[in-house]
Undergrad: 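Starting off with a structure, shown below.
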Amino acid sequence: MLTLSNELVAIGKTASDKADAIAQAVDLLSAAGKIDPRYGASMLGREKVANTFLGNGIAIPHGLAKDRDLIHETAIAVLQLPGGVEWAPGDTARLVVAIAARSDEHLEVLSNLTDVLSNAEEADRLATTLDPATIVARLTGSEPAPAAPSVTLEDFADGFTAIVEGPHGLHARPATALVELAKTYQAEIRIRCGETAGNAKSLISLLKLGAKQGAELRISADGPDAAAALKALQGAFEAGLEDEDGADEAPVHVGQAAATTATATYDGTTIQGISSSPGLAIAPVFQFAREHITFAPDAADPDAEISRLDGALQTAWRQLDALYEEVWKKTGPAKAGIFRAHQEFLDDPEMVEAAWDSIKQGRSAAHAWHAAFNERADILAGMKDPVLSGRAVDLRDVGLRVLRQLAEVDSDATALPSAPCILVADDLTPSDTAQLDPALVKGLCTASGGPTSHTSIIARSLDIPAVVGAGAQVLDIASGTPALLDGQSGLLVRNPSAADEAFARAALVDLNARREAEKRDCYKPALTTDGARIEVVANISDVSEAIAAVEAGGEGVGLLRTEFLFVNRDEAPSEDEQVGIYSAMLDAMNGLPIIIRTLDVGGDKEIPYLKMPVEENPFLGERGIRFCLAHEDVFRTQLRAIYRASTHGPLRIMFPMVAMTSELDAALRIAEEVRAEIGAEPVEMGIMIEIPSAVMMAPELAAKVDFFSIGTNDLTQYALAMDRMHPTLARQADGLHPAVLRLIDQTVKAADAAGIWVGACGGIAADPLGVSILSGLGLKELSVSIPSIAAVKAQLRQQSMADNRALAQKALAAPDAAAVRALR
Ligand code: PEP
Ligand code: MG
């Protein structure tokens with residue numbers, strides 16, 4: 001526990017500006033020997049990139065993570081400025097809580113502050129008290145938080161009544177319009193809805209009214225310009241309070257938008273896929289290929305080239321025969337039939353003759369064949385009939401099969417873009433996606449895959465707009481074709497018009513402005529309007545992301561996907577290497593906690609050197625904890641590394657894909673043996689809840705662990721029996737399906753009964769509707785990709801937990817995912 005002593009609290013001070021206030025707080029800290037005075041510059045540096053004003057007159061300046069070496073000992077100093085100082089335009093700070101944190105002791109102080117944030121009277125008491133001990137007692141929690149006084153404001157004599165017209169009631173946008181207008185008058189203005197009345201100059205107070213569509217409001221005012229204020233406010237109500245339809249109320253961000261439909265219309269040829277990562281990109285298409293094929297353009301001996309081509313055609317024919325047999329045996333004639341169709345292409349006399357003609361003119365067999373099949377595939381791809389245009393993919397597939405025998409093939413040479421592009425691929429493996437340079441890949445579009453596939457997860461974490469499951473037709477768009485990708489609407493637009501581009505650029509400016517605003521407040525806690533706190537933490541997979549998570553306002557890491565430390569290499573990281581990585585992450589978190597999930601390979605996360613079994617149904621095979629229990633050496637090495645790193649900061653261990661209590665027992669036993677060997681302190685242990693059997697056994701599992709984290713991506717695929725990578729089913733595999741929500745509800749109830757907390761780390765935790773429903777179901781922590789942190793916090797700060805609970809109950813009772821999405 002952090003001890004805050006009276007010497008570190010300065011009462012009744014004045015400051016000329018923010019920099020002066022920070023300098024005074026820094027003096028307090030350095031005089032007490034807690035920091036090097038240079039830490040002050042770091043605090044000012046933080047202010048340049050973020051607003052540390054939390055609300056109710058409280059600001060929490062703190063330095064940049066990179067400068068924590070300037071901290072000798074974690075400490076907090078409080079500068080009381082009863083007269084206030086402007087912290088940011090419109091924000092006056094009266095209590096400056098300067099934080100120099102090496103580890104996590106200050107979090108308790110911050111959490112005590114969150115009560116003050118929702119209680120204006122308490123904030124005022126602390127900003128004016130003459131006794132430093134009052135502040136010390138309040139911030140260290142030794143004095144309990146007083147209950148927020150209930151507001152019993154009387155209406156003023158002069159006023160008018162108005163009806164709330166908008167479909168979403170008096171939500172943030174119209175309320176903001178009211179507050180902004182009210183603030184331009186000196187008069188005191190009150191707005192009453194039923195029993196509750198609020199100050200029209202306070203957004204929180206207006207949102208707390210909970211005024212729904214059709215509610216009657218009484219607006220009254222008192223003061224020198226009361227009449228003018230009332231007239232202006234009445235005009236604003238009559239004009240609709242800038243509330244078109246409330247449709248864009250929620251921050252623009254998408255976690256898993258499985259049910260997203262197009263919301264924008266474009267002139268260019270649009271291809272509808274599934275929204276996977278929001279944002280817009282305008283750039284030429286780049287077709288991603290894992291192999292690089294080269295050939296000489298010309299050849300001297302046409303007869304030899306013709307017989308090479310014949311040989312290649314025959315080999316391809318035999319390969320297709322073999323494939324037909326194999327697939328027929330495994331899955332029957334329907335799927336095998338495609339290879340018979342491919343053989344038809346090989347037999348196409350017109351195409352083969354075109355190649356021969358070209359060879360006779362001096363071209364190599366490879367060049368002639370390449371030109372012949374590509375020319376025909378281009379014509380097919382351009383056809384309006386989708387069935388015919390879809391055949392272009394087959395023709396290119398069979399064409400390449402022949403070409404590979406005529407040319408040099410470098411199958412390890414993944415073609416990566418060298419200029420800005422919208423990268424198009426059939427699907428991307430996690431290792432493909434991890435190699436992408438976000439500076440060049442402006443957008444990502446895959447023919448298959450779904451919003452919970454790892455391609456989507458990584459695209460979101462890299463903040464690359466992405467559309468998945470767009471169908472094979474996208475593979476036929478030639479590299480270099482101008483395109484526009486609308487991640488929010490799930491659209492790829494081929495050859496966009498000038499108007500399309502102008503529309504997208506304008507939308508991008510809006511989106512960036514909104515994100516900037518959210519980012520500026522990213523360190524404010526996610527405290528709902530009725531005072532409930534949800535921890536918003538990050539999903540990460542490497543050290544650089546740990547640093548980025550803290551910078552983005554993450555209050556910790558809720559999911560470290562350690563399997564990504566194992567990809568794109570030839571052997572597993574050694575124990576020492578892992579110790580280095582986990583320690584560096586913990587150091588970067590500067591005292592905030594990390595949940596380290598043990599290796600979760602299998603499914604679509606294949607690691608070649610781990611020699612994983614070849615399985616018919618890898619998602620139902622040796623995945624997650626099953627793999628680790630079957631490969632105890634790999635598991636023990638990782639656990640040893642985790643426990644060795646545990647001295648660097650607070651960490652928790654989480655096991656993935658636990659289906660049965662016996663698996664958990666075995667994993668806990670091994671972890672305990674490893675811990676004892678190392679002599680490390682115990683850490684909190686938890687499990688992912690992502691298999692329906694774990695939900696059913698949640699009471700038994702909860703008795704053995706400290707927390708649960710719901711993996712909604714897998715829970716959805718296993719509950720609905722829809723492969724999270726499936727090209728067509730992905731659209732329906734929505735984590736907001738009531739079946740999934742009921743499983744989550746059941747899990748929370750079991751956890752509550754056992755006294756443990758529940759979080760969520762699947763994609764739905766960042767979906768705007770998911771944020772409301774999951775918090776309403778009782779989840780205490782949402783772990784999301786780094787770019788979503790600020791947006792999720794901003795959204796929660798605009799909502800009340802009471803509303804979210806009510807929404808969650810409605811969602812549980814809904815008949816299907818579409819009905820849940822319609823609750824928005
Ligand atoms: C999940 O399944 O929701 C989850 C977070 O784990 P992963 O996506 O890594 O399987
Ligand atoms: Mg999972």
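Whatever order the structure lists ligands and atoms in, that order sets their numbers, starting from 1.
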Undergrad: Which of the numbered atoms in ligand 1 are under 4.0 angstrom from any heavy atom belonging to D600?
TA: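 It comes down to these atoms of ligand 1: 10 (O).
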Undergrad: Could you tell me, atom by atom, which parts of ligand 1 come under 4.0 Å of a heavy atom of M688?
TA: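 Once the distances to M688 are compared, the set is 4 (C), 5 (C), 6 (O).
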Undergrad: Ring centroid separation for H631 and F627, is it under 6.0 angstrom?
TA: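 Distance test on ring centres: under 6.0 Å, yes.
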Undergrad: Hey, is Q717 touching ligand 1 through its side chain, its backbone, both or neither, going by heavy atoms under 4.0 Å?
TA: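 Under 4.0 Å from ligand 1, Q717 contributes no heavy atoms.
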Undergrad: Which atoms of ligand 1 sit under 4.0 Å from any heavy atom of C761?
TA: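 Taking each heavy atom of C761 in turn, ligand 1 has 5 (C) under 4.0 Å.
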Undergrad: Could a heavy atom of M657 be found less than 4.0 Å from some atom of ligand 1?
TA: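 Heavy atoms of M657 never come under 4.0 Å of ligand 1.
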Undergrad: Backbone or side chain, does any N or O of E563 fall under 3.5 Å from an N or O of ligand 1?
TA: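 In this structure, E563 places no N or O atom under 3.5 Å from an N or O of ligand 1.
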Undergrad: Which atom, counting only N, O or S, brings E690 closest to the Mg ion (ligand 2)?
TA: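 This turns out to be OE1.
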Undergrad: Show the atoms of ligand 1 that are less than 4.0 angstrom away from any heavy atom in R561.
TA: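 Checking each atom against R561, I get 4 (C), 5 (C), 6 (O), 7 (P), 8 (O), 9 (O).
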Undergrad: Any atoms of ligand 1 less than 4.0 Å from a non-hydrogen atom of R623? List them with their elements.
TA: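 Counting atoms of ligand 1 from 1, those under 4.0 Å from R623 are 10 (O).
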Undergrad: Can any side-chain N or O of R569 pair as donor or acceptor with the backbone N or O of E571 at less than 3.5 Å?
TA: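 Confirmed, R569 side chain pairs with E571 backbone.
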Undergrad: I need the contact type for L559 against ligand 1. Using non-hydrogen atoms and a strict under-4.0 Å cut-off, is it side chain, backbone, both or neither?
TA: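 It is the side chain that gets close, since no backbone atom is under 4.0 Å.
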Undergrad: Spell out, as yes or no, whether a donor-acceptor pair under 3.5 Å connects the side chain of E555 to the backbone of V536.
TA: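 Side chain of E555 to backbone of V536, a donor-acceptor pair under 3.5 Å: yes, one is there.
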Undergrad: State plainly whether the residues D521 and K524 are in salt-bridge range, i.e. N to O under 4.0 Å.
TA: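 Answer for the salt bridge query: yes.
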Undergrad: Report, as yes or no, whether the 6.0 Å neighbourhood of atom CZ on R636 holds more than 12 heavy atoms from other residues, nucleotides or ligands.
TA: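 Atom CZ in R636 is packed in, count exceeds 12.
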Undergrad: Is the count of non-hydrogen atoms from other residues, nucleotides or ligands lying under 6.0 Å from M696 atom CE greater than 12?
TA: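 Not more than 12 within 6.0 Å, no.
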Undergrad: Mark up the atoms of ligand 1 that fall under 4.0 Å of a heavy atom belonging to E690, in ascending order.
TA: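 Under 4.0 Å from E690, ligand 1 has these atoms: 1 (C), 2 (O), 6 (O).
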Undergrad: In D714, the N, O or S atom nearest to the Mg ion (ligand 2) is which?
TA: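 Checking each N, O and S atom of D714, the shortest distance to the Mg ion (ligand 2) belongs to OD2.
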Undergrad: Begin with the C-alpha distance, continue with both residues' side-chain angles, and end with the deciding distance and a verdict on salt bridge (charged side-chain N to carboxylate O under 4.0 Å, His left out) for R640 and D576.
TA: CA-CA 9 Å; R640 286 181 62 82; D576 283 349; over 6 Å; no
Undergrad: I'd like to know if the side chain of R675 reaches the main chain of A680, judged simply by a donor and an acceptor atom lying under 3.5 Å from each other, with no hydrogens or angles considered.
TA: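 At least one qualifying donor-acceptor pair exists.
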